[in-house]
Amino acid sequence: MLPVSLIVVSDYVGDSSDDELLRSLKAYASDPAGVPAEIIVMAPAGSDIGSEPAFAESELRQSPVFFHTYASDESSQLKDAGLAHCRNALIAVVEADCLPEPGWLKALTDAMQNDPSIDVVSGRTIYGREGMLMRVMSLMDRGFIEHRHRGRIIHVSNNGALYRREILDRYKYEAASGPFVSAHLRQQAMLADGVTMAIAPEAVSIHAFGGWRFLWDVRRNKGYQFARMKLLRKTSGHTRLGLALYATGFSFRSDRQTAVAVGGSYCKWSDWPLFAAMMLLVRVPEFLGALAAGDPEAFKASTSYR
């Protein structure tokens, strides 16, 4: 077993959530490269997750699995609450709709153990390698994790990363902010304090892909995130329209920078016309999400992300 505690949460409400969780747990608990010393599954209070017979299958017995609940339906708060149940100095935090490829945890653990200066290391998340849309949207939605700023990794994967325990102890998520904004706020705090972030691109996990409706929801959340962060800076004079234009413009520039930096690692030459089309199409849901930045409760009610 690897000296790692693994916290698993779900950040997306869908009909296949339990099936995704079970597939993910089996993958972690049966990885020939090494399994976590323990798996901590966190769910909202009142959930019956873990009570199904399938969760006691033999594939899970190679790594102890513990189910816990917490009085919140926000994935960020469930991640924080899971820390109290962990017994190891290295802690991986993942989301249930991501399926790790063999060696995922071993690659992250090796990176951390080989370089004591690393505080947190992320894996690479993709939707899949087959299919033009999968490759293009993997780059647009997930590739920013690998984009360096002045030679420095400045992002932590919200759905799959390994931390030194003291980092999780110190940097908590913001309550009632949603998964996108809370991750952004925590990341800014870590960067301000000089936390060393790294990427292990050979540690690959496959994120569940729910089609166009899913992509629409992802991008609405991105627009909301960028507009909400602008509001939280407490600068005055922003209209809803101005915030929406700012958010979509910021996201466009970010996607373009990511494509220049790491596009060749995700896409084939034949994918770029679709990438250009998606660069325009995704601005529509981003614009709509940004318009809702002034009403967090209403936005939460409108999205499947928690």
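Reckoned from all heavy atoms, side chains included, excluding hydrogens, waters and symmetry mates.
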| Between Lys106 and Asp110, is there a salt bridge with N-O shorter than 4.0 Å? |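 Result for this pair is yes, salt bridge flagged.
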| Stepwise, does the side-chain contact (heavy atoms from CB on, under 4.5 Å) test hold for Leu90 with Val4? | CA-CA 5 Å; Leu90 295 181; Val4 176; 4.1 Å; yes
From [atom1] ([X]) to [atom2] ([Y]), nearest 0.5 Å:
| X | Y | atom1 | atom2 | result |
| --- | --- | --- | --- | --- |
| Asp217 | Thr303 | CG | OG1 | 3.5 Å |
| Asp48 | Thr69 | CG | OG1 | 11.0 Å |
| Ile153 | Ile145 | CD1 | CD1 | 8.5 Å |
| Leu25 | Ser30 | CG | OG | 10.5 Å |
| Gln225 | Ser177 | CD | OG | 11.0 Å |
| Arg256 | Met140 | CZ | CE | 12.5 Å |

With a 4.5 Å limit on heavy-atom distance, are the side chains of [X] and [Y] in contact?
| X | Y | result |
| --- | --- | --- |
| Val13 | Asp73 | no |
| Val284 | Trp216 | yes |
| Asp141 | Phe209 | no |
| Val41 | His68 | no |
| Val282 | Lys222 | no |
| Lys172 | Leu83 | yes |
| Leu105 | Pro100 | no |
| Ser10 | Leu21 | no |

| Step-by-step ring-ring contact (aromatic ring centres under 6.0 Å, His included) determination, Phe144 to His155 | CA-CA 8 Å; Phe144 69 93; His155 296 284; 5.0 Å; yes
| said: Please determine whether the number of non-hydrogen atoms from other residues, nucleotides or ligands lying under 6.0 Å from atom CD of Glu166 exceeds 12. | reply: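 Result for CD/Glu166: enclosed.
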| query | Got a sec: does the CZ of Arg152 have more than 12 other heavy atoms crowding it under 6.0 Å? | reply |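 Count over threshold, so yes.
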Do any N or O atoms from the side chain of [X] and from the backbone of [Y] form a donor-acceptor pair under 3.5 angstrom?
| X | Y | value |
| --- | --- | --- |
| Ser157 | Ser122 | no |
| Ser138 | Tyr127 | yes |
| Glu74 | Ala176 | yes |
| Asp271 | Lys268 | yes |
| Ser24 | Glu20 | no |
| Asp31 | Ala33 | yes |
| Ser302 | Phe299 | yes |
| Ser75 | Arg306 | yes |
| Arg124 | Glu146 | no |
| Asp119 | Thr196 | yes |

| task | Let me know which of Leu78, Asn158, Leu185 forms a side-chain contact (heavy atoms from CB on, under 4.5 Å) with Tyr173. | result |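 Between Tyr173 and the candidates, side-chain contact (heavy atoms from CB on, under 4.5 Å) is satisfied uniquely by Asn158.
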| said: Under the criterion side-chain contact (heavy atoms from CB on, under 4.5 Å), I'd like the reasoning laid out for Leu133 against Trp212: C-alpha separation, chi angles, the key distance, then a yes or no. | reply: CA-CA 10 Å; Leu133 182 63; Trp212 291 101; 3.9 Å; yes
| query | Hey, mind stepping through Ile206 and Ile126 against side-chain contact (heavy atoms from CB on, under 4.5 Å) and telling me if it holds? | reply | CA-CA 5 Å; Ile206 310 298; Ile126 60 176; 3.5 Å; yes
Are [X] and [Y] linked by a side-chain donor-acceptor pair shorter than 3.5 Å?
| X | Y | result |
| --- | --- | --- |
| Arg186 | Ser76 | no |
| Tyr266 | Arg142 | no |
| Glu38 | Ser5 | yes |

| task | Decide yes or no on ring-ring contact (aromatic ring centres under 6.0 Å, His included) for Tyr171 and Tyr163, but give the supporting numbers first. | result | CA-CA 11 Å; Tyr171 299 97; Tyr163 299 80; 9.7 Å; no
| What's the verdict on side-chain contact (heavy atoms from CB on, under 4.5 Å) for Arg283 and Arg219, showing C-alpha distance, side-chain angles and the deciding distance? | CA-CA 8 Å; Arg283 306 310 154 201; Arg219 285 288 158 167; 3.8 Å; yes
| query | Taking all atoms of both residues into account, what is the closest heavy-atom pair of Pro64 and Met1, and its distance? | reply |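 For Pro64 versus Met1, the nearest heavy atoms are CD-CE, 3.6 Å.
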| From CA spacing to verdict: salt bridge (charged side-chain N to carboxylate O under 4.0 Å, His left out), Arg129, Glu101 | CA-CA 13 Å; Arg129 299 180 180 85; Glu101 291 191 341; 2.7 Å; yes
Path from [X] to [Y] over hydrophobic side-chain contacts below 4.5 Å:
| X | Y | answer |
| --- | --- | --- |
| Val94 | Ile118 | yes |
| Met132 | Met278 | yes |
| Phe226 | Leu231 | no |
| Met42 | Ile91 | yes |
| Val120 | Ile7 | yes |

| message | For the aromatic rings, using the six-membered ring if either is Trp, is the centroid distance between His85 and Tyr70 under 6.0 Å? | response |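 Between Tyr70 and His85, which both carry aromatic rings, the centre distance is not below 6.0 Å.
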| When Asn159 is tested against each of Thr125, Asp11, Asp97 for side chain to side chain donor-acceptor pair (under 3.5 Å), which residue passes? |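 In the set Thr125, Asp11, Asp97, the residue that makes a side chain to side chain donor-acceptor pair (under 3.5 Å) with Asn159 is Thr125.
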| query | Step by step, would you call Phe180 with Tyr224 a ring-ring contact (aromatic ring centres under 6.0 Å, His included)? | reply | CA-CA 9 Å; Phe180 286 69; Tyr224 174 84; 8.9 Å; no
| task | Return the orientation label for the Trp272 and Phe275 ring planes: parallel under 30°, perpendicular over 60°, tilted otherwise. | result |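 Taking Phe275 first and then Trp272, their aromatic rings stand perpendicular (interplane angle over 60°).
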